[in-house]
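Here the structure comes first, spelled out in structure tokens, and everything after it is commentary.
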2 protein chains.
Amino acid sequence: MAGTGQKLRRQEQLQALLQENPFVTDEELADSLGVSIQTIRLDRLNLGIPELRERVRQVAEGVTAQLKSLSGAELVGELLDVELGHQAISLLAITSEMVFAKTKLARGHHLFAQANSLAVAVIDANVALTGTAQVKFRRPVKLGERVVAKAVVVGGKGTRFNVSVSSSVNGEEVMCGEFVIFAKGLEEDM
Amino acid sequence: MAGTGQKLRRQEQLQALLQENPFVTDEELADSLGVSIQTIRLDRLNLGIPELRERVRQVAEGVTAQLKSLSGAELVGELLDVELGHQAISLLAITSEMVFAKTKLARGHHLFAQANSLAVAVIDANVALTGTAQVKFRRPVKLGERVVAKAVVVGGKGTRFNVSVSSSVNGEEVMCGEFVIFAKGLEEDM
DNA sequence: TCAGGTATTATTACCTGGTACTAATAACAG
DNA sequence: CTGTTATTAGTACCAGGTAATAATACCTGA
């Protein structure tokens, strides 16, 4: 095998370099590791590291996924059922962008986002804004779990609605919350 | 000029298509707009739209900064000041991804996310999870506004902490909330 | 000391998704 | 029917690769 494990060390360095900054060409890598460009290519092949453009594309896509996980759509999660003005149900799968790196437990605000956007969506009005919210996290939610949120309009008068949301994983409640939502006419808003 | 403004309409469509999904080749664009690839190139040149790889790179690079202000990082917003265990301050600029398309008003869960992640960050522990939260949205926050959130640890005993968060725009309070955060040892967690 | 293996480098053909430039048409307005 | 703009076509070239083949370099065990 390699006399002094130079290859191994180099490949580790290569991985470290790319982890730090994936936007580097093979030529630059070859340069900074003091080997030929072919060696870099072989190393990448060996380690299963894709080419620059592919790396950039992966970063770009990952980034958009993260953006969409909290902000892209009107609704956070997937709408399963809705009876406008009465109740709505949505599903949110907990992906790696939503969890703490250390514990793989979902950050509270993602569960909140699902519940809040559902509470807003269930209101049968052009525009609805959250007034107050009170939520309780019953147990941590893990990476990969599928959270079903159910929002029910439990009361309210005029432009003010009370919405109760319960989120559960496999029937076990993980979060519950009470939202006060205000519906607004378009004219008083713009 | 153009007889029926076809060029203008096509260029608008082009921009719309790329806004929606920047990861499309000229060939695919040409195909879906029913023109030749050269026309697409001319249109891009005309509109100052860079090539695919450059667009992907911009998404990957440019948005990393924006991303960190959204959900990827441990904190939503930019940390301005922190005294672990006592208080912390963060800043969140409201971008177009965070608002309702119709009203350009921030969705509640973005403000909640800023506050929640700040409340978790201020706790001086390896792992901290939100137990309960109670928030009140005092007035809508508009696109472009800069929200400053201040989290203060106001009490708690053992592994349980009460954190009070107040968010404001130009000194005017837009949201306030009370969070109960639980600090967890690593061993009971894994 | 030398055969045999791994590691590295070089070379070449080819690919995608372009830029930049030139030239030929097409469409239309006056 | 002529001039102008719009569109399409074609060619040369580029970055940053893949894939394959061949030529060295290096080390190691017998």
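Proteins come first, then strands; the chains are lettered A, B, ... in the order of their sequence lines, and each starts at number 1.
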Base, sugar-phosphate, or nothing: which does Arg10(B) touch, judged by heavy atoms less than 4.0 Å apart? sugar-phosphate
Could you tell me which non-hydrogen atom of [X] sits nearest to which non-hydrogen atom of [Y], and how far apart they are?
{"X": "Ala60(B)", "Y": "Val56(A)", "answer": "CB-O, 3.6 Å"}
{"X": "Ala151(B)", "Y": "Val165(B)", "answer": "CB-CG2, 3.8 Å"}
{"X": "Ala121(A)", "Y": "Leu75(A)", "answer": "CB-CD1, 3.7 Å"}
{"X": "Asp43(A)", "Y": "Leu14(A)", "answer": "CB-CD2, 3.5 Å"}

What is the distance, rounded to the nearest whole Å, between atom [atom1] of [X] and atom [atom2] of [N]?
{"X": "Glu54(A)", "N": "dG16(D)", "atom1": "CD", "atom2": "C1'", "answer": "13 Å"}
{"X": "Arg57(B)", "N": "dG16(D)", "atom1": "CZ", "atom2": "P", "answer": "10 Å"}
{"X": "Gln6(B)", "N": "dT8(D)", "atom1": "CD", "atom2": "P", "answer": "10 Å"}
{"X": "Leu8(B)", "N": "dT7(D)", "atom1": "CG", "atom2": "P", "answer": "10 Å"}
{"X": "Leu18(A)", "N": "dG17(D)", "atom1": "CG", "atom2": "C1'", "answer": "14 Å"}

Got a sec, which residues hit ring pair (Phe, Tyr, Trp, His ring centres under 6.0 Å) with Phe179(B), two or more places apart in sequence or on another chain?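 For Phe179(B), the residues satisfying ring pair (Phe, Tyr, Trp, His ring centres under 6.0 Å) (neighbours in sequence not counted) are Phe112(B).
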Any Arg10(B) side-chain heavy atom under 4.5 Å of Leu8(B) side chain: no
With the threshold set at under 4.0 Å for non-hydrogen atoms, list the residues of residues 26-39 of chain B touching DNA chain D in residue-number order.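 Val35(B), Ser36(B), Gln38(B), Thr39(B), in order of number.
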Give me the residues of residues 40-51 of chain B where at least one heavy atom lies under 4.0 Å from an atom of DNA chain D, by number, or none.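 Leu42(B) - these, ordered by number, are the residues of the stretch whose heavy atoms sit under 4.0 Å from the strand.
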Is the backbone N or O of Ile49(A) less than 3.5 Å from a side-chain atom of Arg44(A), with the two atoms forming a donor-acceptor pair by type?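 Indeed, once roles are kept as given, a pair shorter than 3.5 Å links the two residues.
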side-chain hydrogen bond (donor to acceptor under 3.5 Å, both in side chains) contacts in which one or both residues fall within residues 131-144 of chain B, not counting sequence neighbours: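 Passing the test, one end in residues 131-144 of chain B: Arg138(B)-Glu173(B), Arg139(B)-Glu145(B), Arg139(B)-Glu172(B).
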Please list all pairs meeting side-chain hydrogen bond (donor to acceptor under 3.5 Å, both in side chains) that have one or both residues in residues 76-90 of chain A, counting only residues at least two apart or in different chains. Ser90(A)-Gln114(A)
So does Arg53(A) reach the base of dG17(D) with its side chain, donor to acceptor, closer than 3.5 Å? no
Would you please say whether a donor-acceptor pair under 3.5 Å links the side chains of Glu27(B) and Thr25(B)?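 No, no side-chain donor-acceptor contact under 3.5 Å.
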Going hydrophobic residue to hydrophobic residue with side-chain gaps under 4.5 angstrom, can you get from Leu91(A) over to Ile94(A)? no
Between protein and nucleic acid, restricted to nucleotides 21-25 of chain D and to nitrogen or oxygen atoms under 3.5 Å apart, what atom pairs and distances do you find?
none

